[in-house]
Amino acid sequence: MAVDAWHTAVLTVQLAAVTVLLLLLVGTPLAWWLATTRRRWKVPVEAVTALPLVLPPTVLGFYLLLFLGPKGPAGELSIRWFGSPLTFTFSGLVIASCVYSLPFVVQPLQAAFEGIDKRAVEAAWSLGASRVRTFVQVIVPQARRGFVTALVLGFAHTLGEFGVVLMVGGNIPGETQVLSIAIYERVEMLDYAGAHGLSLALLLFSFLVLSLVYLTNRRWSMGAHGG
Amino acid sequence: MAVDAWHTAVLTVQLAAVTVLLLLLVGTPLAWWLATTRRRWKVPVEAVTALPLVLPPTVLGFYLLLFLGPKGPAGELSIRWFGSPLTFTFSGLVIASCVYSLPFVVQPLQAAFEGIDKRAVEAAWSLGASRVRTFVQVIVPQARRGFVTALVLGFAHTLGEFGVVLMVGGNIPGETQVLSIAIYERVEMLDYAGAHGLSLALLLFSFLVLSLVYLTNRRWSMGAHGG
Amino acid sequence: MSDDRIDITLRRRAFELNVAIALPARGVVALLGPSGSGKSTLLRAVAGIESAATGRIRVADRDWLDTRSGIDLAPQKRRVGMVFQDYALFEHMTVAANVGFGVPRRRRAQVVARLTETFRLQGLADRRPSQLSGGQRQRVALARALAPDPDMLLLDEPLSAVDVHLRERLRVELQGLFQTLDTPTLLVSHDLEEARQLADYVGVLVDGRIQRYGTTREVFDHPGTVAAAQVLGWRNLLPVRGWSNRAVTGSWGRIRLLHDASLHTAMLGIRPEKVSILPAGEGDLDATVVRIADKGAIHEVHCCLVDGTPFYVQRLWSDPLPRPGSPVGLGLPLQHLVPLVDGDGMVPTQLHRLGRTLFGGVQSCPSAVAVS
Amino acid sequence: MSDDRIDITLRRRAFELNVAIALPARGVVALLGPSGSGKSTLLRAVAGIESAATGRIRVADRDWLDTRSGIDLAPQKRRVGMVFQDYALFEHMTVAANVGFGVPRRRRAQVVARLTETFRLQGLADRRPSQLSGGQRQRVALARALAPDPDMLLLDEPLSAVDVHLRERLRVELQGLFQTLDTPTLLVSHDLEEARQLADYVGVLVDGRIQRYGTTREVFDHPGTVAAAQVLGWRNLLPVRGWSNRAVTGSWGRIRLLHDASLHTAMLGIRPEKVSILPAGEGDLDATVVRIADKGAIHEVHCCLVDGTPFYVQRLWSDPLPRPGSPVGLGLPLQHLVPLVDGDGMVPTQLHRLGRTLFGGVQSCPSAVAVS
């Protein structure tokens with residue numbers, strides 16, 4: 001049981017790390033576009049990005065199941081290349097997690113990008129800096145707070161997913177059983193002690209993560225105020 | 001089956017409406033305190049308020065189960081007064097939903113309160129307006145955008161809850177079976193057509209709700225900019 | 001002066017505000033000071049929005065604050081009319097609702113009718129603030145603040161949010177209002193001209209302390225301390241290095257005085273319009289003309305003393321001007337030479353450093369900025 | 001004047017900017033205008049940050065923009081040095097990194113060393129902008145903009161973010177810099193004194209159009225249009241109602257002229273320092289003294305013409321002053337009376353309304369604001 005819980009925890013952390021990495025890669029350009037565009041497309045794209053926040057995890061899970069399953073477009077490709085569909089695999093879990101945690105990465109980044117000093121960006125341009133150099137040297141340092149928040153929230157939220165994973169990943173120990181599902185299973189099996197241990201660990205972890213985020217934001221905003 | 005789905009939908013909407021109403025009552029003073037306080041307590045309270053965002057629903061559900069169940073403090077009170085524990089009842093669901101959707105109501109309100117013109121508030125005070133009158137006549141109109149966002153997001157997120165409800169409410173048709181669980185049940189029963197109907201309805205509803213929120217925010221912020 | 005006074009101490013992080021001034025029964029008191037000197041904080045403390053650590057505020061013979069007897073009225077009870085920097089109008093209410101906000105319901109219609117007429121806001125009563133011009137916004141803010149008939153009017157840089165082109169006109173309007181107003185007024189400003197034109201009394205606030213307080217003319221003509229002189233725009237400041245019998249000396253030269261210089265004198269100041277330009281060698285100080293700035297009604301002659309100290313002389317537009325580069329003599333009428341002491345806690349070494357910064361460093365002369 | 005020019009049209013929602021000016025090969029061009037007139041938009045369009053609909057921008061014999069031949073250089077290619085209103089320094093970089101940002105790596109150390117010396121920033125190279133004073137921040141911003149050796153320098157209200165007490169000193173610093181600088185400079189401002197002191201040429205921008213363009217002296221002395229005169233701070237404006245043989249009339253009286261008045265003359269303007277005060281009945285116009293404002297070097301006498309039009313006269317501080325309330329005559333030297341025409345698309349009815357607003361309405365005289 002202890003080894004089982006340890007495997008599940010490692011798997012969960014792996015999933016969260018891979019997901020957050022992928023989301024930062026995809027979410028940064030998306031958030032930048034949302035922060036700077038004036039097009040009409042902005043509103044529907046913003047709404048789609050935020051969908052996982054309010055959409056029932058079961059709805060999300062259902063559509064991902066269809067999409068990734070043997071008859072879905074991604075599933076068919078996967079069967080053709082790897083011989084199996086994506087459902088009930090780690091790759092499937094990563095894709096589901098990315099969709100599920102997208103707003104937790106995109107929204108802090110978008111807020112950070114919207115808050116940066118546009119004149120500093122324009123100053124960099126007029127000093128001859130390319131858009132890439134401006135982004136790396138002027139925009140990212142100003143938005144560092146948003147990147148930390150995105151990283152931490154995205155990671156923590158992926159740790160906590162349940163509904164989507166249950167539907168897409170199932171509950172295969174060592175393969176797709178993550179912590180939140182392990183808790184559900186223990187409760188169903190009336191193993192309250194086991195559920196208690198895992199729940200307490202996740203509760204403490206989540207609380208620490210959020211305290212860190214809010215404390216950092218507060219420090220930085222105070223620093224900016226004082227300076 | 002159609003009648004069943006209809007009952008489930010009505011129950012879900014009832015739950016969301018009651019939850020959002022309670023949350024606005026509780027969340028408004030909490031958000032105001034968070035927006036204005038300078039105390040050290042702010043950071044941990046902010047973190048606790050945001051916990052449901054990152055905490056696995058199963059962890060939340062597990063603790064609520066313990067709290068509301070026959071051996072929990074709330075459950076014991078309930079048994080003494082009403083003869084039954086709160087788990088697997090509508091009241092239990094409301095309490096669970098309130099905890100689950102708290103950040104979706106508190107955070108937009110807090111952001112709105114933080115964004116209001118503090119000088120207008122001080123002007124109202126110096127004109128002799130009591131704190132209550134200032135709140136109703138000066139602060140609320142300025143924060144109307146935050147109230148609409150809180151209402152809409154809180155409602156939509158309650159509609160979509162799954163993990164918490166599954167653990168606290170169970171799956172009693174007409175009593176505690178809400179839409180997200182109905183979808184899960186249909187998928188488990190391989191009734192993909194039924195799951196499809198419900199999922200599509202919730203997807204469209206969520207998308208419309210979010211578009212409305214972003215569109216309104218955009219209109220208002222543009223209006224404020226122009227004027 | 002009445003018995004009314006402001007006498008408070010207030011601490012915020014590293015900042016301490018320590019102000020004690022007597023208030024007149026009517027008229028305008030302007031508080032001048034650089035940004036960060038605590039001007040707005042003082043105003044907010046008087047209004048009761050910021051709480052003071054210790055002190056007493058007495059207005060219209062009523063104690064608003066008296067920490068010794070535990071009195072500390074809420075802002076709502078202080079009968080204060082406040083006009084904020086950007087007016088802080090209630091943007092979601094009509095002009096009439098703004099003006100009437102502080103008036104009890106039964107008298108509201110009557111007071112609003114009277115004040116919209118006084119402030120020429122008739123016909124605008126149903127508009128929102130966003131539909132008003134800058135001048136109209138100011139009038140709404142003043143009408144709203146005066147509607148509850150306050151015992152004191154507080155204005156926080158009332159013209160700083162206004163376009164430069166409007167500012168002069170609104171200042172004249174304010175001046176007209178103040179002349180008819182019986183309410184004592186505290187005006188916070190960093191605009192010298194504004195204070196000079198609007199105020200009966202001026203207080204100079206530096207680093208949370210009043211450096212000088214008196215009638216407008218007294219304060220502008222005799223700033224008293226070096227710090228106050230700098231806030232009041234005095235640019236001709238001569239650091240005193242030594243004094244002998246009826247004369248003061250510095251690296252800039254030597255000036256004979258009518259009477260002995262005080263041992264406490266740290267600098268001598270003179271306003272640029274009081275200096276006359278004479279042929280080289282005939283003045284009290286020797287100087288070289290660097291450049292001439294055209295300021296409309298006056299020309300400003302920028303000179304350079306022998307040690308490089310910049311010196312400014314103002315001439316009427318129609319007066320003849322010396323040529324840039326030419327040596328001149330400067331006549332400093334003795335009655336216009338104002339002795340300045342080190343302010344409040346300033347030690348001589350600090351003062352000398354200040355002098356070096358002012359005269360040796362940044363403003364060194366001729367222009368030290370040269371791009372090859 | 002070189003062949004360089006700015007000639008652009010630009011549309012943003014309800015706003016249209018339409019500017020055509022020739023640029024000098026060196027020297028400072030100041031663009032004056034009220035807020036909302038399009039000053040900053042023009043500057044951003046020249047820098048390439050805002051894109052123009054049509055037009056041509058030619059600087060240092062290179063086309064930055066030429067919509068007819070499809071040229072529209074990116075901001076990166078325009079070789080422009082821009083100094084923003086609040087300087088927009090890179091807060092997370094050191095002073096040296098800020099200054100060197102626009103310089104290729106191999107020449108960076110050398111250029112930074114040269115400019116930190118020129119701008120007296122030695123010893124500050126490792127500091128962050130937040131540790132600098134206002135004056136130091138300005139010098140970093142200028143050094144950063146000049147480091148890549150731009151073909152044109154653009155300054156967007158460079159002194160408006162600075163504390164009033166510092167502004168005069170920084171203005172002198174800028175003046176010194178411009179005198180040694182070969183780079184043509186475009187300066188946007190709403191501060192008349194700033195433009196007057198710093199600029200060689202002035203353009204007056206109203207509602208997105210250039211109302212007047214010429215050397216600083218020409219423009220300040222002869223604004224040409226009523227709108228330009230208002231932007232340039234002219235307050236003595238007499239609306240012309242009729243003209244007969246060598247005379248103009250208005251409700252304020254009648255003035256004889258040396259030559260026939262142009263049919264297009266909408267107003268007559270005169271600067272307050274050019275008016276003389278004479279005994280009652282002996283001047284060109286009759287007036288009553290309302291109040292006197294002490295402005296330091298000068299006193300401003302606020303008068304009232306027979307029809308209530310306010311009129312301002314400036315005297316040197318040492319000149320004798322009339323008493324408020326007394327009747328006086330005003331001497332208007334003919335050579336200083338400047339005829340003003342309706343500006344660009346302004347129809348006479350608008351102009352009359354403008355006249356009423358200025359003289360009949362808000363500024364009516366004596367003070368219309370009275371609180372009972």
Side-chain angles (χ1 to χ4, degrees), chain A residues 24 28-29 31-33 35-43 108-109 111-151 216-227, chain D residues 12-13 40 43-50 64 73-93 97-105 108 111 127-132 137 140-157 161:
Chain A
L24 281 179
T28 303
W32 179 251
W33 183 81
T36 53
T37 190
R38 287 183 197 167
R39 284 171 197 268
R40 289 169 161 271
W41 279 105
K42 184 183 171 177
V43 167
L109 285 180
F113 288 148
E114 278 169 355
I116 65 165
D117 180 7
K118 257 138 211 118
R119 250 106 37 116
V121 174
E122 294 168 0
W125 291 348
S126 75
L127 288 166
S130 66
R131 284 180 188 256
V132 171
R133 187 178 165 216
T134 304
F135 191 80
V136 172
Q137 295 193 0
V138 176
I139 295 168
V140 170
Q142 282 194 68
R144 64 193 189 286
R145 183 173 151 172
F147 277 97
V148 172
T149 307
L151 185 86
T216 320
N217 281 359
R218 209 183 175 204
R219 282 268 166 75
W220 273 340
S221 69
M222 276 179 173
H225 215 75
Chain D
R12 293 282 173 278
R13 294 195 201 168
S40 295
L43 217 57
R44 292 158 58 84
V46 172
I49 297 162
E50 301 250 358
W64 287 0
L73 294 192
Q76 285 88 345
K77 303 282 177 195
R78 291 202 179 191
R79 299 190 51 73
V80 70
M82 194 145 179
V83 176
F84 292 82
Q85 203 163 349
D86 52 2
Y87 305 138
L89 298 179
F90 304 133
E91 300 290 338
H92 57 287
M93 296 184 194
N98 265 279
V99 173
F101 189 85
V103 186
R105 201 178 300 269
R108 193 173 292 167
V111 171
R127 293 221 193 148
R128 304 273 154 157
S130 59
Q131 299 167 287
L132 300 181
R137 289 173 69 86
V140 174
L142 283 165
R144 184 180 69 174
L146 288 170
D149 197 16
D151 288 334
M152 185 170 214
L153 192 60
L154 303 177
L155 291 97
D156 190 1
E157 314 232 1

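Proteins get letters first, then strands, A, B, ... in listed order; numbering begins at 1 in each.
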J.: Regarding R119(A) and the six-membered ring of Y87(D), is the cationic atom NZ or CZ under 6.0 Å from the ring centre and inside 45° of its axis?
T.: no
J.: Any idea which heavy atoms bring L127(A) and A145(D) closest together, and the distance?
T.: CD2-CA, 4.4 Å
J.: At a heavy-atom separation under 4.5 Å, does R133(A) approach chain D through its side chain, its backbone, both, or neither?
T.: side chain
J.: Is it the side chain or the backbone of S130(A) that comes within 4.5 Å of chain D heavy atoms, both, or neither?
T.: backbone
J.: Side chain, backbone, both or neither: which part of F84(D) has a non-hydrogen atom closer than 4.5 Å to chain A?
T.: side chain
J.: For W125(A), does its backbone N or O pair with a side-chain atom of Q76(D) as donor and acceptor, under 3.5 Å?
T.: no
J.: Evaluate whether atom NZ of K118(A) has more than 12 neighbouring non-hydrogen atoms of other residues, nucleotides or ligands under 6.0 angstrom away.
T.: yes
J.: Considering only heavy atoms, which portion of R79(D) lies under 4.5 Å from any heavy atom of chain A: side chain, backbone, both, or neither?
T.: neither
J.: Side chain to side chain contact (heavy atoms under 4.5 Å, CB included) for R44(D) and E122(A)? Distances and angles first, verdict last.
T.: CA-CA 9 Å; R44(D) 292 158 58 84; E122(A) 294 168 0; 2.7 Å; yes
J.: Would a 4.5 Å heavy-atom cut-off, applied to side chains only, mark D117(A) and F90(D) as touching?
T.: no
J.: Taking all non-hydrogen atoms of both residues into account, name the closest pair between A120(A) and A88(D) and its distance.
T.: N-CB, 3.9 Å
